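Below you'll find the structure, written out as structure tokens, and then a few comments.
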Amino acid sequence: MPNTQQLEDFITQVRRDIVRQVHKVNSGHPGGSLGCAEFISVLYQEVMDRKEGFDMDGKGEDLFFLSNGHISPVFYSVLARSGYFPVEELNTFRLIDSRLQGHPTTHEGLPGVRVASGSLGQGMSVAIGAANSKKLNGDKHLVYSLHGDGELQEGQNWEAIMYAAANKVDNLISTVDRNYQQIDGCTDDVLPMGDLKVKFEAFGWDVLEIENGNDIQQVVDGLKEAKSRTGKGKPVCILLNTEMGHGVDFMMGSHKWHGVAPNDEQLETALAQNPETLGDY
Amino acid sequence: MKKYTDTGKKDTRSGFGDGLTELGRTNPNVVALCADLVGSLKMQDFIDENPERFFQVGIAEANMMGIAAGLTIGGKIPFTGTFANFSTGRVYDQIRQSIAYSDKNVKICASHAGLTLGEDGATHQILEDIGLMKMLPGMTVINTCDYNQTKAATIAIAEHHGPVYLRFGRPKVANFTPEDQKFEIGKAVMLNEGKDVTIIATGHLVWEALQAAEQLEEQGVSAEVINIHTIKPLDEAAILASVGKTGCVVTAEEHNFLGGLGESVARTLVQNHPAPQEFVATMDTFGESGTPEQLMQKYGLNAAAIVKAAQKVMKRK
Ligand SMILES: Cc1ncc(C[n+]2csc(CCOP(=O)(O)OP(=O)(O)O)c2C)c(N)n1
Ligand SMILES: [Mg+2]
């Protein structure tokens with residue numbers, strides 16, 4: 001288990017990787033990626049029980065599904081720096097003939113990815129299926145999934161939310177990146193979703209909130225708490241309050257950086273705010 | 001050969017946005033819906049001028065199609081806007097039952113179709129949408145080739161009663177059709193008359209077809225170039241007349257060869273006047289990330305590929 005300083009260094013490097021990936025190809029989604037850097041890093045570095053290497057079936061280990069596939073830059077960085085593929089491959093993000101597609105896919109065989117995502121709203125159903133499969137296999141490991149808050153506007157989520165509670169899928173921890181932003185603006189301006197805690201609870205989930213999802217200790221504690229609540233007959237939901245663009249001051253808190261790459265000058269500023277820790281690729 | 005000039009690169013989706021803005025001023029029944037992609041679909045001007053006639057549904061395309069169907073009851077003419085993938089595959093049964101089968105006057109306007117969407121990759125690059133939509137009874141299917149044509153088509157479909165699928169794209173491409181050209185649904189546009197081979201193209205491949213015809217002319221081949229913007233209903237008379245004269249055809253589209261324009265042309269020929277045909281299209285594959293140019297090159301969807309297909313098909317006469 002890494003100590004707090006090691007986790008901090010890891011996350012700072014992930015932030016560098018995110019902005020460098022999208023800058024190089026002048027496309028991709030830095031906002032949500034930066035906001036989820038703590039969560040995905042802590043999940044892979046501290047919380048998930050993972051085997052060496054990668055196989056599709058993932059028997060005997062915890063699994064993670066990224067439903068909001070547009071935040072692939074943070075996912076790819078964490079996967080690479082957790083040993084799934086060479087860190088240098090981050091150089092190929094969104095380029096032709098790359099395994100690092102704009103949105104994560106299994107099609108090019110990238111280790112660490114178990115289903116394609118990108119078209120929003122499909123990941124929770126897949127995570128539920130994988131959790132059911134674990135139960136059939138007598139595998140006590142957990143399934144994690146991550147979803148955008150805007151993404152929850154897709155109706156399929158609510159079919160999945162209803163199903164998971166009704167079928168006591170209690171080996172599932174689904175996290176919502178509650179940054180209150182989506183493409184066209186604030187979620188409350190585009191389509192307000194109301195009180196997500198009350199909604200998930202009304203559907204029969206056990207819900208906990210991480211007040212500041214960009215605070216490492218809160219993320220560690222929150223994920224451990226969520227883990228302790230599994231196996232009790234209810235699926236577990238984490239409402240993770242984050243800030244879109246966190247860690248790069250001019251990107252913070254605005255939907256404008258949902259899917260826009262920084263220019264050369266902006267890249268320099270962003271990198272200066274996140275000094276190299278583990279070595280750039 | 002007839003000369004066509006690019007009057008300045010423009011995206012077809014801006015043609016849609018500007019057409020919609022004009023409709024907002026001229027047709028009080030036109031309403032618009034969007035699923036969290038206002039900027040990408042260029043709908044902001046319409047919204048600014050007609051805020052009460054715009055419906056932001058959030059990231060919920062199935063709901064959008066149902067609401068659009070409902071809006072027609074009472075005489076509204078809804079234009080839905082999202083990416084082509086989320087306009088079709090995502091919501092197929094909603095379109096099938098609530099719009100097509102119920103004969104609702106909904107205009108499904110789909111941007112970012114095909115490979116030229118670029119870096120977002122295969123999850124977003126639908127290459128099956130023409131097939132999905134043309135199989136629905138009563139659905140009109142249109143794929144426009146440049147800014148001017150897209151703007152004209154957007155305006156024209158408001159006057160047509162019935163469900164329409166209007167397909168366009170993301171990148172800036174040559175704008176070469178006349179600004180004042182009337183858009184006639186179901187009517188082929190003859191771009192260049194020729195006698196050795198017919199090239200039938202739709203969407204972004206039309207400009208490539210013109211480039212190909214120029215290259216063929218240098219080789220002493222006279223190519224007829226036809227723009228089929230309406231894949232359904234198909235202008236069979238124009239196709240048969242041309243292939244009757246040239247004896248062979250190349251079809252070109254930014255779509256899977258299964259289910260696309262090429263198959264519609266092949267069916268027309270088989271039923272009336274069998275002739276050799278080559279397909280410039282994707283060959284039953286998903287796309288991938290890359291720049292639009294790189295992808296069109298890799299998947300064989302450009303002028304060079306059309307020239308090669310023309311040379312091959314002429315030998316099969
Ligand atoms: C089915 C579907 N509809 C639309 C889109 C286009 N899209 C990509 S990301 C996005 C906004 C997502 O908002 P949120 O989940 O809150 O993610 P954030 O912007 O916070 O990263 C949209 C509409 C998509 N990818 N899939
Ligand atoms: Mg969000």
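A, B, ... follow the sequence lines: proteins, then strands. Residue 1 opens every chain. As the structure is a prediction and not an experimental result, all values here were calculated from the model.
Atom CZ of B/Arg96 sits in a sparse spot, with 12 or fewer heavy atoms from other residues, nucleotides or ligands closer than 6.0 Å. In this structure, B/Lys172 places its NZ atom where only 12 or fewer heavy-atom neighbours from other residues, nucleotides or ligands lie under 6.0 Å away. No more than 12 heavy-atom neighbours from other residues, nucleotides or ligands sit within 6.0 angstrom of CD on B/Gln97. Annotation for B/Lys308: atom NZ does not count as buried by contact number, only 12 or fewer foreign heavy atoms lying within 6.0 Å. Shown here is A/Lys199, whose NZ atom has more than 12 heavy atoms of other residues, nucleotides or ligands within 6.0 Å. Heavy-atom contacts from other residues, nucleotides or ligands closer than 6.0 Å to CZ of A/Phe250 number more than 12. Heavy-atom neighbours of B/Arg170 CZ from other residues, nucleotides or ligands within 6.0 Å: at or below the threshold of 12.
Only the side chain of A/Ser27 comes within contact range of chain B, judged by heavy atoms closer than 4.5 Å. Proximity to chain B is limited to the backbone of A/Leu95, based on heavy atoms less than 4.5 angstrom apart. Only the side chain of B/Phe286 has a heavy atom closer than 4.5 Å to any heavy atom of chain A. For A/Ser117, the part sitting under 4.5 Å from any heavy atom of chain B is the backbone (N, CA, C, O) and nothing else.
The CD atom of B/Glu61 sits 8.0 Å away from the CG atom of A/Leu120 when rounded to the nearest 0.5 Å. For the atom pair CG (A/Leu191) and CD (B/Gln56), the distance works out to 7.5 Å, reported to the nearest 0.5 Å. Here CD of A/Gln101 is found 4.0 Å from OG of B/Ser289. Values are rounded to the nearest 0.5 Å. Between atom SG of residue B/Cys34 and atom CG of residue A/Asp184 there is a gap of 5.5 Å, rounded to the nearest 0.5 Å.
For the pair A/Asn26 and B/Glu119, the minimum side-chain heavy-atom distance is 4.5 Å or more. The shortest side-chain heavy-atom distance between B/Asn63 and A/Gln153 does not fall under the 4.5 Å cut-off. For the pair A/His29/B/Asp120, a side-chain contact is recorded, criterion being any heavy-atom separation below 4.5 Å from C-beta on.
Using a 4.0 Å cut-off between charged nitrogen and carboxylate oxygen, A/Glu154 and B/Arg90 count as a salt-bridge pair.
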Are B/Glu288 and A/Asp97 close enough, and set up right, to give a side chain to side chain contact (heavy atoms under 4.5 Å, CB included), and what steps lead you there? CA-CA 8 Å; B/Glu288 63 177 291; A/Asp97 297 324; 3.9 Å; yes
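The most heavy-atom pairs under 4.5 Å with chain B, out of A/Leu152, A/Ile183, A/Thr105, come from A/Ile183. When the candidates A/Ser119, A/Gly148, A/Gly69 are compared by the number of heavy-atom contacts under 4.5 Å with chain B, A/Ser119 comes out ahead. Per-residue counts of heavy-atom pairs under 4.5 Å with chain A were compared for B/Thr123, B/Leu37, B/Leu295, B/Ile59; the largest is that of B/Ile59. When A/Gly121, A/Gly28, A/Gly102 are compared by the number of non-hydrogen pairs under 4.5 Å with chain B, A/Gly102 comes out ahead.
In this pair, A/His103 and B/His124 present their aromatic rings parallel. The plane angle is below 30°, not in the 30 to 60° band.
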